[in-house]
Chemist: 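The structure follows.
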Amino acid sequence: MTVTQLQALIGAGKAVENHRPVPRAIVSESTWREAIGALAAERCSLLGLWATPGTVHMAVCEGSEIGVLSLDCADGHFPSVGARHPPAIRLERAIADLTGLEAAGAQDVRPWLDHGKWGVRRPLGDRIETDGPPPPYPFLTAEGAGLHQIPVGPVHAGVIEPGHFRFTANGETVVRLEERLGYAHKGIEALMAGADLERAAKLAGRVSGDSTVAYALAFARAVEAATDCDVPPRALYLRALMAELERIANHLGDIGAICNDAAFAIMLAHCAVLRERVLRFAADAFGHRLMMDRIVPGGVGTDLGAEDVTALRGLIKTIRRDFPRLVQLYDRTASLQDRTVGTGHLRPELARRFAPGGFVGRSAGRSFDARMTVAYPPYDALEFAVPTRAEGDVNARVWVRIEEVEQSLGIIEQILASLPAGDLIRDIPARGGEGLALVEGFRGEVLAWVRLSDDGTLAHCHLRDPSWFQWPLLEAVIEDNIVADFPLCNKSFNCSYSGHDL
Amino acid sequence: MRKTLLDSLRGPLTETPPLLRDGEAADLARAVDRVARRRLGRSLAIREVDAGSCNGCELEIHALSNAFYDLQRFGLNFVASPRHADVLMVTGPVTTNMREALERTYNATPNPKWVMAVGGCALDGGIFAGSYAVVGGVGEVVPVDIHIPGCPPPPADILRGLIALLEAAR
């Protein structure tokens with residue numbers, strides 16, 4: 001059997017015990033540099049980059065294989081990943097803001113999450129109290145005759161999360177977009193440290209409210225991996241049921257909202273009705289419209305009754321009846337297609353380099369879907385396809401969502417047909433350990449990494465939103481598009497601000 | 001498209017407005033002075049400000065515009081600028097990074113104005129209270145007239161609060 005590059009990198013380091021289910025190794029600086037080379041050569045893709053006090057960690061994926069490389073930074077520095085592999089740039093800036101560990105050789109050393117308003121610097125490292133006005137933030141420049149800037153946000157015109165967009169335009173054409181994020185930073189990693197599992201699970205479920213099921217599931221799976229705890233089969237199936245309902249609800253909302261941003265309001269009206277029906281079912285069956293706090297470490301805190309099964313079958317029937325007509329309406333309206341086809345094109349080489357998850361990646365030639373690639377239960381026992389497109393435009397991102405709704409309906413039917421009986425939850429033993437989990441949320445894979453203390457509380461928890469590798473690509477796809485198409489592009493990406501800002 | 005359009009005319013989905021809880025309108029009436037009531041009539045323009053929420057509240061605020069709740073039938077509209085707004089609907093624990101933006105939005109809103117804080121975080125920071133990056137509640141930054149609890153509050157609860165504000169303003 002040939003050894004993959006990832007196996008060689010892991011093998012070159014010192015294996016860490018009690019890290020599950022994938023290996024973690026403490027590596028030398030030269031192995032760290034080799035890993036950067038593998039990322040830059042696109043033999044591996046970056047899944048995450050984060051730091052614990054004095055150590056920086058890199059989660060890497062090669063095919064379906066995943067591993068974590070850790071480098072101790074004796075002098076507070078580590079060789080920059082971002083200098084050769086741009087997807088890491090913002091993660092490194094965030095590491096510097098939160099812990100003070102610096103990426104040596106990085107080109108962009110501006111702060112990212114730290115706007116100079118926390119009253120403290122390096123809150124996860126050696127804290128330094130600060131006060132006084134925040135330092136100025138220099139935006140990247142674009143120069144030439146006739147260019148003008150349009151600053152947008154952090155308070156937007158619609159009901160949208162906070163973030164700042166700095167457009168430089170030549171007439172109607174966007175020459176450069178630069179995002180400035182961090183406005184929704186709540187300090188979740190610091191709040192996690194020392195928290196018990198119950199509180200930590202609630203925090204995880206509030207990293208990005210639209211993905212509360214995906215986050216709760218990723219966190220629970222990481223904790224279960226760290227403590228080597230099995231989950232009852234019925235809980236596994238109910239978790240997947242909730243995850244698919246969340247996916248359907250969000251995709252329905254997105255499809256409607258994208259069309260609405262092209263001034264085609266009837267799609268939003270109809271899609272919003274279907275979305276509302278899904279949320280009402282969730283409220284009736286699970287007691288919460290967004291299914292917050294229903295997935296907990298060890299299992300689930302809710303069950304599906306016989307009446308709920310009937311209601312769910314009715315819901316699926318309604319969506320199967322109404323949704324295809326909306327899809328037809330979308331597909332046959334030339335004026336709408338005129339806005340979505342060819343708009344916001346993501347080049348395949350950028351998609352390969354940034355390895356974005358979800359509909360952003362899968363509409364531009366990528367196929368990664370954690371449900372299929374990692375195949376965590378119960379997806380290993382379910383039949384489904386991973387829809388992909390190659391075009392990389394707004395239209396392709398709509399179509400991947402449409403086809404994923406259809407797949408998710410099929411998954412739910414299989415879950416209803418094979419839902420095992422039995423317990424819902426198992427006690428998590430209070431013991432130390434480290435765990436990593438990757439869970440497919442509606443916008444892509446959520447990475448959760450936990451380190452548990454011996455008393456079972458959280459020593460550290462890092463949650464990486466799929467948006468980290470999607471936001472930078474939004475800057476790329478808007479170039480040469482008109483300013484008026486930005487809402488359309490932005491909605492077709494639908495990145496999370498809160499999930500990214502943590 | 002014609003068939004979809006015609007089908008949407010079959011019977012409305014819109015539900016009857018939620019009933020106010022005891023004292024809800026009366027509490028607000030005290031906050032809404034007589035001059036303001038005359039000026040506003042029966043219409044409120046709402047500017048939503050996400051002051052660092054998890055976006056759960058935003059999802060439910062969006063839902064207010066769907067056919068079931070149909071916010072606009074009450075004369076309630078979301079507007080694009082605080083300059084056009086009577087009500088600021090604020091979510092989130094108010095992150096320190098959003099504090100200034102919230103203050104400036106409030107100052108840009110003409111008088112008379114009301115602030116509705118939506119969600120558990122907006123009351124006291126909720127689960128994020130105590131963080132170095134969180135101020136801890138909308139009331140710490142701008143005066144709050146009405147608070148809608150919940151994590152996130154369901155659309156019916158937000159709607160009830162808005163109708164109470166309208167009743168008080170009438």
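Within every chain, numbering begins at 1; the chains are lettered A, B, ... in the order of the sequence lines, protein sequences first and strands thereafter.
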Chemist: Sort A/Leu203 into side chain, backbone, both or neither according to what part of it lies under 4.5 angstrom from a heavy atom of chain B.
Modeler: both

Chemist: A/Ala157 and B/Arg47: which non-hydrogen atoms are nearest, and at how many Å?
Modeler: O-NH1, 3.2 Å

Chemist: So do the side chains of B/Asp50 and A/His156 get within less than 4.5 Å of each other, counting heavy atoms only?
Modeler: no

Chemist: So does B/Arg83 have more than 12 non-hydrogen atoms from other groups sitting under 6.0 Å from CZ?
Modeler: no

Chemist: Nearest 0.5 Å please: distance from the CZ atom of B/Phe68 over to the CZ atom of A/Arg277.
Modeler: 4.0 Å

Chemist: Measure across A/Ser208 and B/Asn55 and return the closest heavy-atom pair with its distance rounded to 0.1 Å.
Modeler: OG-ND2, 3.3 Å

Chemist: Pull out the residues in residues 119-127 of chain B that come under 4.5 Å of chain A, heavy atom to heavy atom, sorted by number.
Modeler: B/Ile127

Chemist: What part of A/Val120 gets within 4.5 angstrom of chain B, counting heavy atoms only: side chain, backbone, both, or neither?
Modeler: side chain

Chemist: Say whether, by atom type as modelled, one donor and one acceptor occur between the side chain of B/Asn97 and the main chain of A/Leu113 under 3.5 angstrom.
Modeler: yes

Chemist: Quick one: list whatever passes ring pair (Phe, Tyr, Trp, His ring centres under 6.0 Å) with A/His288, sequence neighbours left out.
Modeler: none

Chemist: Would you say A/Arg110 has more than 12 foreign heavy atoms packed within less than 6.0 Å of its CZ?
Modeler: yes

Chemist: For B/Glu58 and A/Val159, which heavy atoms make the closest approach, and how far apart are they?
Modeler: CG-CG1, 3.9 Å

Chemist: Give, as side chain, backbone, both or neither, the part of B/Val94 having an atom under 4.5 angstrom from any heavy atom of chain A.
Modeler: neither

Chemist: Nearest heavy-atom pair of B/Pro154 and A/Arg289: which atoms, and what distance?
Modeler: CB-CD, 4.1 Å

Chemist: Under a 4.5 Å heavy-atom cut-off, does chain A meet the side chain of B/Thr105, its backbone, both or neither?
Modeler: side chain

Chemist: If you count the non-hydrogen atoms of other residues, nucleotides and ligands that lie under 6.0 Å from CZ in A/Arg294, is the total more than 12?
Modeler: yes

Chemist: Tell me whether B/Thr96 contacts the main-chain N or O of A/Lys117 through its side chain, where contact means a donor paired with an acceptor under 3.5 Å.
Modeler: yes

Chemist: Who wins among B/Gly130, B/Cys57, B/Pro82, B/Ser53 for the most heavy-atom pairs under 4.5 Å with chain A?
Modeler: B/Ser53

Chemist: Ring centroids only, cut at 6.0 angstrom: are B/Phe128 and A/His185 within range, meaning strictly under it?
Modeler: no

Chemist: Is it true that a side-chain atom of B/Thr95 and a backbone atom of A/Tyr183 form a donor plus acceptor pair closer than 3.5 Å?
Modeler: yes

Chemist: Answer with side chain, backbone, both or neither: which region of A/Arg199 has an atom nearer than 4.5 Å to a non-hydrogen atom of chain B?
Modeler: both

Chemist: Which answer fits B/Phe78, side chain, backbone, both or neither, if we ask what part of it has an atom under 4.5 Å from a heavy atom of chain A?
Modeler: side chain

Chemist: Residues two or more places apart in sequence or in another chain: which of them pass side chain to side chain donor-acceptor pair (under 3.5 Å) with A/Arg166?
Modeler: A/Gln149, A/His164

Chemist: With a cut-off of 6.0 Å (strictly less than), are more than 12 heavy atoms of other residues, nucleotides or ligands near CG of A/Asp131?
Modeler: no

Chemist: For residues B/Ser131 and A/Lys186, report the shortest heavy-atom separation together with the two atoms involved.
Modeler: OG-O, 2.7 Å

Chemist: Any heavy-atom pair between the side chains of A/Met292 and B/Cys54 that's under 4.5 Å?
Modeler: yes

Chemist: So B/His62 and A/Leu268, do their side chains get closer than 4.5 Å, heavy atoms only?
Modeler: no

Chemist: Quick check: closest heavy atoms across A/Leu191 and B/Ala129, and the distance to 0.1 Å?
Modeler: CD2-O, 4.2 Å

Chemist: Which residues pass the ring pair (Phe, Tyr, Trp, His ring centres under 6.0 Å) test with A/Phe323, not counting sequence neighbours?
Modeler: none

